[in-house]
There are 2 protein chains.
Amino acid sequence: MEERLEREVNQLHASICQALADPKRILILYELHEGPKTVTELKDALRVPQPTVSRHLKMLREQRLVYGERDGVSIRYSLADARVIDALDTMRAVLIGGLAQQAELAEGLS
Amino acid sequence: MEERLEREVNQLHASICQALADPKRILILYELHEGPKTVTELKDALRVPQPTVSRHLKMLREQRLVYGERDGVSIRYSLADARVIDALDTMRAVLIGGLAQQAELAEGLS
DNA sequence: TGCTTATATACGCCTATCCGAATGGACGAG
DNA sequence: CTCGTCCATTCGGATAGGCGTATATAAGCA
């Protein structure tokens, strides 16, 4: 049973990572880190069609990474947990580390 | 041009997150965090067919999250950067936070 | 009610990913 | 060299994700 639960938590863990596995969603999260924004503001900032933004927001909502509050005619989205940005920054650092290592290798070949 | 570069880095950022977006790969990374392991050891620990392990390792290798060194007849894999585990732990904390919030909501309904 | 703006969803298409089963390739023992 | 072990890759089918277009829902206002 503990086995079963652990598998499920792991599945959720993967799902939440999956939500980060798209460039546009990453951009959305970084945008929201600067403060709450409406769908229109996001679509203008990212230069992406509105349905695309909404679909990505839906996925982020389902993973509880963001939430939206109606504000008159528009809906203002916010980060649900700023730690997501920490995780993204860490992954970016790992990425840079990998690129540096790759560059060293290339250097060695010359 | 700066625009172009930023898009590319973002794509890589997403790719590296994509590598985390699978339960088995998450388990592999946590296993490797305990120390280097061979493919056979991983397949036994995760109770997964060997080709599956190899395919996942390939993806992790391509993202430079792990690397393998031949050790006689087997290949010993290691984490390339322990910070990946930090990021995973952070995401797991975010996940737990979301679940707690979900539980509060459910509580409120009773 | 009727119109406009803002957001969400549905549909169809394409691409990517996952898996299991089978195959291929590298190493060491004898 | 041959065999057995360990690991990697390929193939085919099923599933999921992303996008653009078109459409639906919701709020505000006349």
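Note that the structure is predicted; figures quoted are calculated from it, not measured.
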Engineer: Closest to the B:Pro49 side chain: C:dG20, D:dA26, D:dA8?
Structural biologist: C:dG20

Engineer: Looking for any heavy atom pair under 4.0 Å, which part of the strands does B:Lys24 touch: base, sugar-phosphate only, or nothing?
Structural biologist: sugar-phosphate

Engineer: Can you check the B:Glu62 CD to C:dA16 P distance for me, whole Å?
Structural biologist: 14 Å

Engineer: Between A:Asp71 and A:Ala21, which residue's closest nucleotide on DNA chain D lies nearer the 5′ terminus?
Structural biologist: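 Final value for this comparison: A:Ala21.
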
Engineer: Output the rounded distance in Å from CG (A:Leu46) to P (C:dT7).
Structural biologist: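 The distance from CG of A:Leu46 to P of C:dT7 comes to 13 Å, rounded to the nearest Å.
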
Engineer: To the nearest 0.5 Å, what is the distance between CG on B:Asp44 and OG1 on B:Thr38?
Structural biologist: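 The OG1 atom of B:Thr38 is 8.0 Å from CG of B:Asp44, to the nearest 0.5 Å.
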
Engineer: Is the distance from OP1 or OP2 of C:dC18 to the nearest side-chain N or O of B:Thr52 less than 4.0 Å?
Structural biologist: no

Engineer: Would you indicate which nucleotide in C:dT17, C:dC19, C:dA6 comes nearest to any side-chain atom of B:Gln18?
Structural biologist: C:dT17

Engineer: Report yes if a side-chain nitrogen or oxygen of A:Ser54 is closer than 4.0 Å to either non-bridging phosphate oxygen (OP1 or OP2) of C:dA8; otherwise report no.
Structural biologist: yes

Engineer: Need one value for B:Gly68: base, sugar-phosphate or nothing, where a base atom within 4.0 Å counts as base even if backbone is also close, heavy atoms only.
Structural biologist: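 Touches nothing.
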
Engineer: Do B:Thr52 side-chain atoms and B:Val48 backbone N/O form a donor-acceptor pair below 3.5 Å?
Structural biologist: no

Engineer: Rounded to the Å, how far apart are B:Lys43 NZ and C:dC19 C1'?
Structural biologist: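 About 17 Å, once rounded to whole Å.
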
Engineer: Below 4.0 angstrom, N of the basic side chain to O of the carboxylate: do A:Asp22 and A:Lys24 qualify?
Structural biologist: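 Judged by the 4.0 Å cut-off on N to carboxylate O distance, A:Asp22 and A:Lys24 do not form a salt bridge.
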
Engineer: If every non-hydrogen atom of B:Val66 is compared with every non-hydrogen atom of B:Leu57, which pair is closest and at what distance?
Structural biologist: CG2-O, 4.2 Å

Engineer: Whole angstrom is fine here: how far is it from CZ in A:Arg70 over to P in C:dA8?
Structural biologist: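 Going from A:Arg70 (CZ) to C:dA8 (P), I get 8 Å.
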
Engineer: I need the minimum non-hydrogen distance between A:Met91 and B:Val84, along with the two atoms involved.
Structural biologist: SD-CA, 4.5 Å

Engineer: Determine the contact category for A:Arg76: base if any of its heavy atoms lies under 4.0 Å from a base atom, sugar-phosphate if only primed atoms, P, OP1 or OP2 are that close, otherwise nothing.
Structural biologist: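 Answer is nothing: A:Arg76 stays at 4.0 Å or more from every strand.
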
Engineer: Using the C1' atoms of five pairs at each end, what's the angle between the two axes of the helix from C:dT1-D:dA30 to C:dG30-D:dC1, to 10 degrees?
Structural biologist: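 Helix axis angle between the two ends: 20°.
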
Engineer: Can you see whether B:Asn10 engages A:Tyr30 through a side-chain donor-acceptor pair at a distance of less than 3.5 angstrom?
Structural biologist: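 The answer is no; no qualifying pair exists.
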
Engineer: If you look at every heavy atom in B:Pro36 and B:Glu41, which pair is closest and at what distance?
Structural biologist: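 Taking B:Pro36 first and B:Glu41 second, the nearest heavy atoms are O-OE1, 4.4 Å.
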
Engineer: If I take atom CG in residue B:Asp44 and atom C1' in nucleotide D:dC7, what distance separates them, rounded to the nearest angstrom?
Structural biologist: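 B:Asp44 atom CG is separated from D:dC7 atom C1' by 13 Å.
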
Engineer: When you measure from the side chain of A:Thr38, which nucleotide among C:dT7, C:dC27, C:dT9 comes out closest?
Structural biologist: C:dT7

Engineer: For the side chain of A:Arg55 and the base of D:dG17, is some donor closer than 3.5 Å to an acceptor across the two?
Structural biologist: no

Engineer: Taking 4.0 Å as the cut-off, does a side-chain nitrogen or oxygen of A:Tyr77 come that near to OP1 or OP2 on C:dA8?
Structural biologist: yes

Engineer: Quick check for you: to the nearest 0.5 Å, what is the distance between B:Ile16 atom CD1 and A:Ile96 atom CD1?
Structural biologist: 9.0 Å

Engineer: Between C:dC18 and B:Arg25, is there an OP1 or OP2 to side-chain N/O distance shorter than 4.0 Å?
Structural biologist: yes

Engineer: Measuring from the side chain of B:Val39 (C-beta onward, heavy atoms only), which nucleotide among D:dA8, C:dT9, C:dC19 has the closest atom?
Structural biologist: D:dA8

Engineer: What's the NE2-P distance between B:His56 and C:dC19, to the nearest Å?
Structural biologist: 4 Å

Engineer: Rounded to whole Å, please give me the gap between CD1 in A:Ile28 and P in D:dG18.
Structural biologist: 11 Å

Engineer: Roughly how many Å is it from CG in B:Leu57 to P in D:dA8, rounded to a whole number?
Structural biologist: 7 Å

Engineer: Report yes if a donor N or O on one partner sits less than 3.5 Å from an acceptor N or O on the other, where the partners are the side chain of A:Gln50 and the base of C:dA6; otherwise report no.
Structural biologist: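 Answer no: no donor N or O sits under 3.5 Å from an acceptor.
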
